[in-house]
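Input: a single structure, listed below in structure tokens.
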Amino acid sequence: MTQQESTQQKILQVLKENIGRHVSGNLLATRFGLSRTGIWKHIQHLKSLDYAISTHPREGYRLTDIPDRLMADELVPELGTLWLGRHYHYFLQIGSTNDRAMELASQGAVHGTLVVAEEQTKGKGRLSRPWISAPSLGIYLSIILRSPLPLNEAHHATTVAAISLAEVLGSRYGLSAMIKWPNDILVMGKKLAGILTELQSDQDLTRFLVVGIGVNVNHSKEDLVGPFRYPATSVAMEAGHPVSRKELLLSFLERFEAQYDVFLKRGFSVFLPRLTGLSAVLGKTVRITSGNNELTGKALGFTEEGGLRILLDNGKDQVIWVGDITQLEGSC
Ligand code: BTN
């Protein structure tokens, strides 16, 4: 952080401590060793970041509202994590947070580095689908993980993220969030979030993973018209009111860090009961597409390693590791 940024953060802190009350420009100037014009410049910058600050010629500056932006200055001081988000890269606009995270990881970014954007212009979903990322309505983030997992266990990171997110949506917002294996979060059959995990490997071990998560948060119905494969929804639509993206992000990061540490320590099998309880597909007749292959059958359960057991139409029991699922009974 530059000297300039650090001073700005301190000025903001004083305004926050006095939210709704005036703070004199002279007082700020003396406290931070700047001229009154120097303080005014910082205030203009804070206003450009959507902090609502009014100016009174004699009384000074008054902060009246804090924007629901996901910038480091707002997030990091309140983050109760040990390793996740301690290196925080924030963008107003970016192509894809996953692409940026992959670049940062190949340049040596540490375990837990986070890339967050207000808007993505080339947001990516699985199978090269686009992820529509409207400005400041959703959460678009990528997490760099550097635990060297055997390649055949890398998909567990996606599942641990999906479980953590579904649980936060349930406990914090009372939503009945379910996981459509392997990477979608649905509420009442509508897609609310998706996860795209990418990785670089060294023979049979992952060198790093990038877990990219997109959550529809404050979208209204009109924001979700477009080329969506499934009916889509958002946290606000399901909860019935707008929600703070910052609070959701903080809760998710804290939960994911804790759960990922449990996974590293105790393995994936401890998550199976929760994955089973949160599954949107178990007991349903589904079609699974993977490349040119297509299978139809009933989803029976998960194996110890997190594969999906399917009872095929021909009576055979088969374990599926990758694929795109469509539910044939009801909607999915
Ligand atoms: C899917 O449902 O197919 C996965 C969607 C993943 C979207 C997120 S948004 C943040 C991160 N950056 C991307 O480009 N994609 C992921």
Side-chain angles (χ1 to χ4, degrees), residues 69-70 75 84-85 88-106 109 112-145 154-155 157-166 169 177-187 189-200 208-219 223-224 226-235 245 248-249 252-253 256 278 280-281 288-291 322-327 331-332:
R69 287 262 189 96
L70 304 177
L75 254 293
L84 182 53
Y88 192 101
H89 298 255
Y90 171 77
F91 298 89
L92 278 177
Q93 190 191 65
I94 199 168
S96 152
T97 56
N98 263 35
D99 288 349
R100 185 69 192 118
M102 289 295 283
E103 279 165 20
L104 287 167
S106 42
T113 299
L114 203 61
V115 181
V116 175
E118 294 291 337
E119 179 186 7
Q120 295 184 116
T121 51
K122 289 192 183 130
K124 306 187 293 186
R126 280 174 75 233
L127 309 171
S128 311
R129 294 180 186 128
W131 183 262
I132 300 183
S133 314
S136 301
L137 289 179
I139 295 177
Y140 317 114
L141 75 99
S142 301
I143 302 169
I144 296 175
L145 298 172
H155 63 279
T158 307
T159 311
V160 173
I163 292 174
S164 306
L165 182 56
L169 292 168
M178 311 286 278
I179 300 172
K180 182 165 86 71
W181 183 89
N183 74 322
D184 289 344
I185 304 288
L186 309 183
V187 175
K190 296 183 188 155
K191 183 158 170 173
L192 182 141
I195 305 177
L196 171 69
T197 299
E198 299 183 83
L199 60 87
Q200 211 178 79
F208 56 78
L209 291 168
V210 166
V211 179
I213 305 173
V215 190
N216 299 333
V217 184
N218 282 323
H219 300 63
D223 299 313
L224 293 172
F228 294 101
R229 279 183 71 244
Y230 306 103
T233 192
S234 70
V235 183
R245 291 182 307 145
L248 171 53
L249 180 54
F252 167 72
L253 293 174
F256 178 67
L278 290 166
V281 295
I288 298 136
T289 322
S290 176
V322 282
D324 204 30
I325 294 197
T326 319
Q327 189 178 310
S331 64
C332 169

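Just so we're clear, the structure is a prediction, and the values are computed from it rather than from any experiment. Numbering of ligands and ligand atoms starts at 1, following listing order. This chain uses plain numbering: 1 for the first residue, then up along the sequence.
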Using a strict cut-off of 4.0 Å, indicate which atoms of ligand 1 neighbour a heavy atom of Thr97.
10 (C), 11 (C), 12 (N)
Where's the contact between Asn183 and ligand 1, heavy-atom distance under 4.0 Å: side chain, backbone, both or neither?
side chain
Minimum-distance protein heavy atom relative to atom 3 (O) of ligand 1
Arg126 N, 2.7 Å
Answer yes or no: is there an ion pair linking Asp99 with Lys124, defined by an N-O contact shorter than 4.0 Å?
yes
How far is atom 5 (C) of ligand 1 from its nearest protein heavy atom, and which residue and atom is that?
Trp131 CE3, 3.4 Å
If you compare all heavy atoms of Leu165 against all heavy atoms of Ala193, which two are closest, and at what distance to 0.1 Å?
CD2-CB, 3.7 Å
Could you grab the distance from atom CD of Gln120 to atom OG1 of Thr97, nearest 0.5 Å is fine?
4.0 Å
Counting from 1 in the order shown, the ligand 1 atoms closer than 4.0 Å to a non-hydrogen atom of Gly123 are 14 (O)
Of all the atoms in ligand 1, which lie at a distance below 4.0 Å from a heavy atom belonging to Leu141?
10 (C), 11 (C)
Is it true that a side-chain atom of Asn183 and a backbone atom of Leu196 form a donor plus acceptor pair closer than 3.5 Å?
no
What is the nearest protein non-hydrogen atom to atom 15 (N) of ligand 1, stated with its residue, atom name and distance?
Lys124 O, 2.7 Å
Is it true that a side-chain atom of Asp324 and a backbone atom of Thr289 form a donor plus acceptor pair closer than 3.5 Å?
no
What protein heavy atom lies closest to atom 9 (S) of ligand 1? Include the residue and the distance to one decimal.
Gln120 NE2, 3.3 Å
Would one find an N or O of Lys122, backbone or side chain, under 3.5 Å from an N or O of ligand 1?
no
Tell me if a side-chain donor or acceptor on Arg126 pairs with a main-chain N or O of Gly323 at a distance below 3.5 Å.
yes
May I ask you to list the atoms of ligand 1 that are less than 4.0 angstrom from any heavy atom of Gly125?
1 (C), 3 (O), 4 (C), 5 (C)
May I ask whether Arg129 places a heavy atom under 4.0 Å from ligand 1?
no
Can you see whether Gln93 engages Thr121 through a side-chain donor-acceptor pair at a distance of less than 3.5 angstrom?
no
Tyr88 and side-chain contact (heavy atoms from CB on, under 4.5 Å): which single residue from Thr113, Val115, Leu70 fits?
Leu70
Looking only at side chains, do Tyr90 and Glu118 share a donor and an acceptor under 3.5 Å apart?
yes
Would you find a donor on one side and an acceptor on the other, under 3.5 Å apart, between the side chain of Ser142 and the backbone of Asn98?
yes
Between ligand 1 and Lys191, is the shortest N or O to N or O distance under 3.5 Å?
yes
Which atoms from ligand 1 have a heavy atom of Ile195 less than 4.0 Å away?
4 (C)
N/O of Tyr140 under 3.5 Å from N/O of ligand 1, yes or no?
no
Can you tell which part of Asp99 has a heavy atom less than 4.0 Å from ligand 1: side chain, backbone, both or neither?
neither
For Asp184, the atoms of ligand 1 under 4.0 Å from one of its heavy atoms are 2 (O)
